[in-house]
Amino acid sequence: MIDIKILRENPELIEESCKRRGMDIDVQKLVDIEKEYRALNQKVQELQAERNKLSKECKDNPDARVQVKEIKIELSEIEEKATVLKKDLDDGMGWLPNFLAPEVPDGYVDEDNKEIRKEGVVPSFSFERKDHQELGELLDIIDTKRGAKVAQAGFYYWKGKGAQLCSALFFWTQQQLVNRGFELFMTPCAAKEKTLFGTGYLPFFADQTYGLENEDLALIGTSEQTLVGYHADEMLKGEDLPLSYTSYSPCFRTESGSYGKASRGIFRVHQFHKVEQIVFCKPEDSHKYHLQCLDNEEYLLKKLGIPYRVVDVCVGDLGAPGYRKYDIEAYFAGFDGYREVTSNTNLTDFQSRRLGIRYKDKDGKKGFVHTISATAVTDRVVIAILENNQKEDGSIIIPEVLRPLVGFDVIEAPKK
RNA sequence: GGAGAGAUGGCCGAGUGGUCGAAGGCGCAGCAUUGGAAAUGCUGUGUAGGGGUAACUCUACCGGGGGUUCGAAUCCCCCUCUCUCCGCCA
């Protein structure tokens, strides 16, 4: 949510960021609604003041009762109008995107993202490489057919040593983050509209959400929703910040409208699994923790031996709630290219204003916290391991750091 | 699923029609005391919004929504949530 004072005093700033994002929003109309609402509200308050004053006189002045009754009628008419305007105002404010960091690259699609650096050595192969779909079937560790049979196309099973590898990766990642100062959570996998609105997923990503019938609940698209929502309507102590939370959860997304995109295998699915990083911090620190979350992501990929590149995400690929975003794209040998595995957004006070997450310092200074939302790992990292660590027969070398957890070094290919 | 109790400020908790934005406590801040601290004492301390250069002032808010009344934290109705007991259950 954008501070309504900015709408009032510097609407050109909002127009500018909408324009840069290519969003067609009538900011001026919103300014007018706000103005009208404020005038009406002022009138309401004047009448209320008069009413309050007169009611105090009622004990010894019977005429006052009659006057108050008249005021009440006038008041209810104006209040009715004000309520309508307030709703329009709230709806309009809910659709305003966050401001943009000045450094965000211009552009409309992911090809416009700016590469910051490349790390790791891209593996070379003396044989014909397979993609994860082929490897998954060969090794009997990914089952998309039965996923579709039991649930729907876009759902899948991890199985056997593949499932072991996933479990190990998620567990290991959580441990690494705990070692880096994060507190571990297990969260609800459903959340109500208020929470989804507050985190910015509504109204902007309404078509991505799996709602539950006859309930004010939807399956979470990410545990960001439940972790950030955790502190809704709370006043945090300044000295407790930053609060760094992590959790593992399934993530549900309808992915409507994305069928055209490269989606062989389980790269883009209706349910995936993610270890998330969330930071609540003071406004002046959000840039620092944004970079720290990025460092955590890079640390994990380096330990796992996965080559990657970091990109500075462009305006069009950023998402309305985001102020600045770094993606990491890992190298996938089967795809022979870099594809998104993590995404790390500084949301500034966009979510905290919607959710009412504030902090108070000992000296009484108050403000809205900033939030950082960053992926740690997802199933896609497992896919990268499969594709990059394959041998000619299709067997997979397990990354060293995960070997103690899975209890084997290789997922062996079946004998012919 | 059945029965009952409850929701008040950063937290706990009193308050059953006007003098209540709300006692008291905790917490927090300042001052005093101290070599320093603890303890103690005194003072201050809700949130959001409007108006004013400012001192200040007005409005709203006691889970949410509606109603009664000149006037509602308090009375009435609806909803949501929480807790306790019973049943069922991973």
Side-chain angles (χ1 to χ4, degrees), chain A residues 1-11 30-94 96 186-198 211-218 226 229-243 249-250 280-282 349-369:
Chain A
M1 190 74 76
I2 299 297
D3 187 350
I4 199 154
K5 278 187 193 150
I6 295 176
L7 178 75
R8 207 145 58 206
E9 293 161 14
N10 301 96
L30 209 50
V31 171
D32 294 340
I33 292 174
E34 196 279 335
K35 220 173 188 170
E36 200 184 339
Y37 170 72
R38 191 151 39 101
L40 224 51
N41 198 39
Q42 232 170 82
K43 184 71 185 159
V44 167
Q45 292 189 359
E46 278 167 24
L47 288 171
Q48 283 171 333
E50 205 178 328
R51 180 198 61 193
N52 292 347
K53 200 177 137 211
L54 282 170
S55 349
K56 278 177 190 155
E57 295 172 12
C58 279
K59 273 183 181 168
D60 27 49
N61 178 9
D63 289 347
R65 295 191 185 199
V66 183
Q67 292 178 41
V68 172
K69 278 191 174 176
E70 283 169 10
I71 289 174
K72 266 184 82 174
I73 293 167
E74 194 181 348
L75 199 53
S76 68
E77 281 171 16
I78 300 177
E79 274 178 333
E80 206 174 306
K81 282 185 204 164
T83 308
V84 174
L85 280 176
K86 183 70 164 64
K87 189 175 180 306
D88 291 347
L89 182 61
D90 288 345
D91 287 350
M93 291 302 289
L96 291 181
M186 288 181 75
T187 85
C189 291
K192 57 180 70 175
E193 182 182 345
K194 185 181 172 234
T195 306
L196 299 192
F197 176 86
L212 300 186
E213 216 171 326
N214 300 324
E215 297 270 7
D216 176 22
L217 278 179
T226 43
Y230 183 76
H231 284 303
D233 301 315
E234 289 184 23
M235 179 75 80
L236 305 175
K237 288 182 183 170
E239 65 266 30
D240 290 343
L241 299 176
L243 291 168
S249 84
F280 300 85
C281 66
K282 294 186 187 180
D349 59 359
F350 191 81
Q351 294 180 323
S352 63
R353 281 183 184 279
R354 290 177 165 235
L355 286 166
I357 308 177
R358 291 173 300 161
Y359 72 97
K360 188 176 182 178
D361 278 327
K362 283 197 169 178
D363 61 10
K365 191 188 146 215
K366 286 182 294 254
F368 288 98
V369 301

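We name chains A, B, ... by the order of the sequence lines, and we start the count at 1 in each one. What's counted below: heavy atoms across the whole structure, side chains too, no hydrogens, waters or symmetry copies.
Taking atom C1' on both nucleotides, B:U69 is separated from B:C58 by 23 Å, rounded to a whole Å. Comparing B:G66 with B:C11, their P atoms sit 25 Å apart, to the nearest whole Å. When the C1' atom is used for both B:G87 and B:A14, the distance is 37 Å, rounded to whole Å. A gap of 16 Å separates the C1' atoms of B:U57 and B:G21, to the nearest Å. B:A38 and B:C28 are spaced 11 Å apart, taking the P atom of each and rounding to whole Å. On the P atoms, B:G67 is 26 Å away from B:G49, given to the nearest whole Å.
Across every strand in view, B:U47 sits in a pair with B:A60 that passes the Watson-Crick or G-U test at under 3.5 angstrom. Checking B:U19 for Watson-Crick or G-U wobble geometry (two distances, each under 3.5 Å) identifies no partner in any strand. The nucleotide B:C31 finds its pairing partner in B:G41, both defining distances of the Watson-Crick or G-U wobble pair being shorter than 3.5 Å. Figure legend. B:G4 is base-paired to B:C83; pairs are counted as Watson-Crick or G-U wobble with both atom distances under 3.5 Å. Both distances falling under 3.5 Å, in either a Watson-Crick or a G-U wobble arrangement, place B:C11 opposite B:G25. Under the Watson-Crick or G-U wobble criterion, with both distances below 3.5 Å, B:C89 has no partner in any strand shown. Pairing for B:A72 is absent, with no Watson-Crick or G-U wobble pair whose two atom distances lie under 3.5 Å.
A straight line from CZ of A:Phe368 to P of B:U47 spans 12 Å, rounded to a whole angstrom. Between A:Lys53 atom NZ and B:U57 atom C1' there is a gap of 14 Å when expressed in whole angstrom units. The separation between A:Asp233 atom CG and B:U8 atom P is 14 Å, rounded to whole Å. The CG atom of A:Asp240 sits 12 Å away from the C1' atom of B:G10 (whole-angstrom rounding). When the C1' atom of B:A60 is taken as reference, atom CG of A:Leu47 falls 15 Å away, rounded to whole Å.
Salt-bridge check for A:Glu57 with A:Lys53: failed, with every basic side-chain N at 4.0 Å or more from each acidic carboxylate O.
Residue contacts for A:Asn52: at a heavy-atom cut-off of 4.0 Å it reaches the sugar-phosphate backbone alone, with no base atom in range.
Crowding of A:Glu239 atom CD: a count of heavy atoms from other residues, nucleotides or ligands under 6.0 Å exceeding 12. By the neighbour-count criterion of 12 heavy atoms within 6.0 Å, atom CD of A:Glu36 is sparsely surrounded, having that number or fewer from other residues, nucleotides or ligands. Atom OH of A:Tyr230 is surrounded by 12 or fewer heavy atoms from other residues, nucleotides or ligands within 6.0 Å.
Annotation for A:Arg353 and A:Met1: closest pair CD-O, 3.1 Å, computed over non-hydrogen atoms.
By the side chain to side chain donor-acceptor pair (under 3.5 Å) test, A:Asp216 pairs with no residue at all, sequence neighbours left out.
Both A:Arg38 and A:Lys237 lie close to RNA chain B; mapped to their nearest nucleotides by heavy-atom distance, the more 5′-ward contact belongs to A:Lys237. Across the interface with RNA chain B, nearest-nucleotide mapping of A:Asn41 and A:Met235 shows A:Met235 to be the residue nearer the 5′ end.
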With 3.5 Å as the limit, what N/O pairs link the protein to nucleotides 66-70 of chain B?
from	atom 1	to	atom 2	distance (Å)
B:C70	O2	A:Ser55	O	3.3

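Dashed line: the shortest gap from a side-chain N or O of A:Arg358 to OP1 or OP2 of B:U47 is not under 4.0 Å.
With hydrogens and angles ignored, a donor-acceptor pair closer than 3.5 Å exists between the side chain of A:Gln45 and the base of B:G49.
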List, one per line, each side-chain donor-acceptor pair under 3.5 Å for residues 189-197 of chain A, sequence neighbours excluded.
from	atom 1	to	atom 2	distance (Å)
A:Lys194	NZ	A:Asp233	OD2	2.8

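Residue A:Lys360 has its side chain nearest to B:U47 when only B:A60, B:U47, B:G51 are considered.
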